[in-house]
Amino acid sequence: MSTPPDNKESIPKIVGTFSSTIKQEIGAGATKRKVVHEFLYYAEENDNGEIALRPLNDKFVPAGDEQIISKDELLESFTAEIELHSKSVFPAMKELGKCLARADRQRQLGKHFTAEMEYGKALTIDEDNIRAIFGMGLCYLERQDDSKSEDLFSRLLELNAAFSTEHKHLFNDFGISLRKNKKHAEAIEFYTKALNFCSDDENLLFNIARSLYEIEKKKEACDFLDQCLEINPEFKEAIKLKKFISKN
């Protein structure tokens, strides 16, 4: 007997622009007056039915730290800004996405100066855009521009958002590029920071081990390889590197 089809229509997730106002009294006596502050946010419902809320910057794109609130809280305390979303926020986000796509494509083609220009355009829209910052850093490393890559490396270390699970492939690529450019100390520092956010990532552990091996710290490298293999005993490259270190 077959199971009857589910006729329930799927409820679309909340995505859009919302505002919140705070009323404040300033001054005293005859100078006392009310001031209204308005804050704009980009809201997106996640798979858990919660709302991920990020403030909009002056270019109308989401920027800054994300906060999680309930759907009820959004509907009770925030006002939907449908026209603003369609006329300003959505077009700005679309343009940012195009800049990043063009930049990534040019970087993959080895056209690093063109890619830098596109990443630069993206950063004028969102100065802390993680994808653009990583992309710019990869371009600097490919061009072996040590001064710029070091400045950007320091900036990345200060951005906790750069090490979120969402950006795992980006910080892995950046760390690998550091190691390939023989910046082993920087690669270890970078991967160690990432490990604070992804402690069970065998690829991070392997990459730290690889960088430690490159600077002749074989015992420390083996310690990280052991941690890597504890998570994934079938990790072929880790097994191979550990055997090689043991023989030498």
Side-chain angles (χ1 to χ4, degrees), residues 13 44-54 62 64-69 100-101 103-104 107-108 119 128-142 149-150 152-248:
K13 291 182 177 180
E44 186 169 7
E45 185 177 349
N46 62 27
D47 292 338
N48 297 322
E50 300 168 321
I51 303 298
L53 208 63
R54 294 184 70 197
D65 294 334
E66 178 183 275
Q67 60 174 307
I68 301 296
I69 63 172
L100 291 168
D104 289 344
R107 180 172 60 79
Q108 288 161 6
Y119 285 128
D128 287 328
N129 186 275
I130 302 301
R131 185 171 156 193
I133 295 172
F134 270 122
M136 192 78 86
L138 288 167
C139 289
Y140 292 156
L141 287 168
E142 286 295 324
S149 65
E150 285 169 10
L152 192 137
F153 173 74
S154 298
R155 182 179 177 187
L156 276 171
L157 285 179
E158 295 175 358
L159 292 172
N160 287 342
F163 300 95
S164 67
T165 304
E166 175 189 358
H167 300 117
K168 186 182 292 188
H169 69 288
L170 291 171
F171 63 65
N172 260 321
D173 287 349
F174 189 77
I176 289 169
S177 188
L178 284 170
R179 180 174 56 77
K180 286 183 175 178
N181 281 273
K182 301 190 183 303
K183 295 180 179 293
H184 302 300
E186 290 91 340
I188 292 166
E189 184 180 4
F190 186 75
Y191 280 132
T192 301
K193 174 72 180 281
L195 205 60
N196 292 330
F197 298 85
C198 306
S199 59
D200 59 348
D201 188 325
E202 66 267 35
N203 292 295
L204 278 177
L205 293 163
F206 172 75
N207 284 323
I208 293 174
R210 181 79 180 267
S211 298
L212 286 166
Y213 170 72
E214 295 284 355
I215 56 174
E216 300 293 324
K217 293 190 175 183
K218 296 180 181 180
K219 182 183 181 303
E220 291 91 337
C222 284
D223 289 341
F224 278 96
L225 288 171
D226 287 339
Q227 294 177 55
C228 170
L229 291 168
E230 187 175 340
I231 295 170
N232 182 4
E234 306 299 322
F235 199 132
K236 292 181 180 179
E237 291 300 319
I239 294 170
K240 185 177 178 182
L241 180 57
K242 189 174 181 184
K243 285 182 178 178
F244 181 83
I245 293 174
S246 299
K247 288 180 180 179
N248 294 277

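Side-chain atoms are counted along with the backbone in the values below, which use heavy atoms only and exclude waters and symmetry mates. Predicted model, so just to flag it, every value in this text is computed and none were measured.
Atom NE2 of His184 is separated from atom CG of Leu212 by 10.5 Å, given to the nearest 0.5 angstrom. Atom CD1 of Ile208 sits about 11.0 Å away from atom CZ of Phe190, to the nearest 0.5 Å. For the atom pair CZ (Phe171) and CG (Leu178), the distance works out to 13.0 Å, reported to the nearest 0.5 Å.
For Arg107, the salt bridge (charged side-chain N to carboxylate O under 4.0 Å, His left out) test picks out no residue, with sequence neighbours left out. Listed by chain and number, the residues in a side chain to side chain contact (heavy atoms under 4.5 Å, CB included) with Ala52 are Glu66, Ile68 (sequence neighbours excluded). For Asn172, the side chain to side chain donor-acceptor pair (under 3.5 Å) partners two or more places apart in sequence, or in a different chain, are Asn207. Applying the salt bridge (charged side-chain N to carboxylate O under 4.0 Å, His left out) test to Asp47 and every residue at least two apart in sequence or in another chain returns Lys13. Partners of Ser199 by side chain to side chain donor-acceptor pair (under 3.5 Å), not counting sequence neighbours: none found. In this structure, the side chain to side chain contact (heavy atoms under 4.5 Å, CB included) partners of Glu189, at least two apart in sequence or on a different chain, are Phe153, Leu157. In this structure, Tyr140 has no ring pair (Phe, Tyr, Trp, His ring centres under 6.0 Å) partners at least two apart in sequence or on a different chain. Residues passing the salt bridge (charged side-chain N to carboxylate O under 4.0 Å, His left out) test with Arg54: none are found, sequence neighbours excluded. Phe197 meets the ring pair (Phe, Tyr, Trp, His ring centres under 6.0 Å) test with Phe163; sequence neighbours excluded.
Around CG of Asn196, the count of heavy atoms belonging to other residues, nucleotides or ligands within 6.0 Å exceeds 12.
At least one side-chain heavy atom of Leu141 sits less than 4.5 Å from a side-chain heavy atom of Phe174. The closest side-chain heavy-atom distance from Tyr191 to Ile176 is below 4.5 Å. Tyr119 places a side-chain heavy atom less than 4.5 Å from the side chain of Asp104. Residues Asp128 and Arg155 meet the side-chain proximity criterion, which asks for heavy atoms closer than 4.5 Å. Leu241 places a side-chain heavy atom less than 4.5 Å from the side chain of Phe206.
The minimum heavy-atom distance linking Leu138 with Ser177 is given by the pair CD2-CB, 3.7 Å. A pairwise comparison of heavy atoms in Pro233 and Ile239 identifies O-CD1, 3.4 Å as the closest pair. Across every non-hydrogen atom of Ala162 and Leu156, the tightest pair is CB-CD2, 4.0 Å.
Formation of a donor-acceptor pair under 3.5 Å by the Ser154 side chain with backbone atoms of Glu150 is found in this model.
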Report, one line per pair, each donor and acceptor closer than 3.5 Å where one atom sits in a side chain of residues 215-231; sequence neighbours left out.
unit_1 : atom_1 : unit_2 : atom_2 : d
Lys218 : NZ     : Asn248 : O      : 2.9
Asp226 : OD1    : Lys242 : NZ     : 2.4

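Applying the salt bridge (Lys or Arg N to Asp or Glu O under 4.0 Å) definition to pairs two or more places apart or across chains, those involving residues 192-214 are Lys168-Asp201, Arg210-Glu214. Sorted by first then second residue, the salt bridge (Lys or Arg N to Asp or Glu O under 4.0 Å) pairs that include residues 173-188, not counting sequence neighbours, are Asp146-Lys183.
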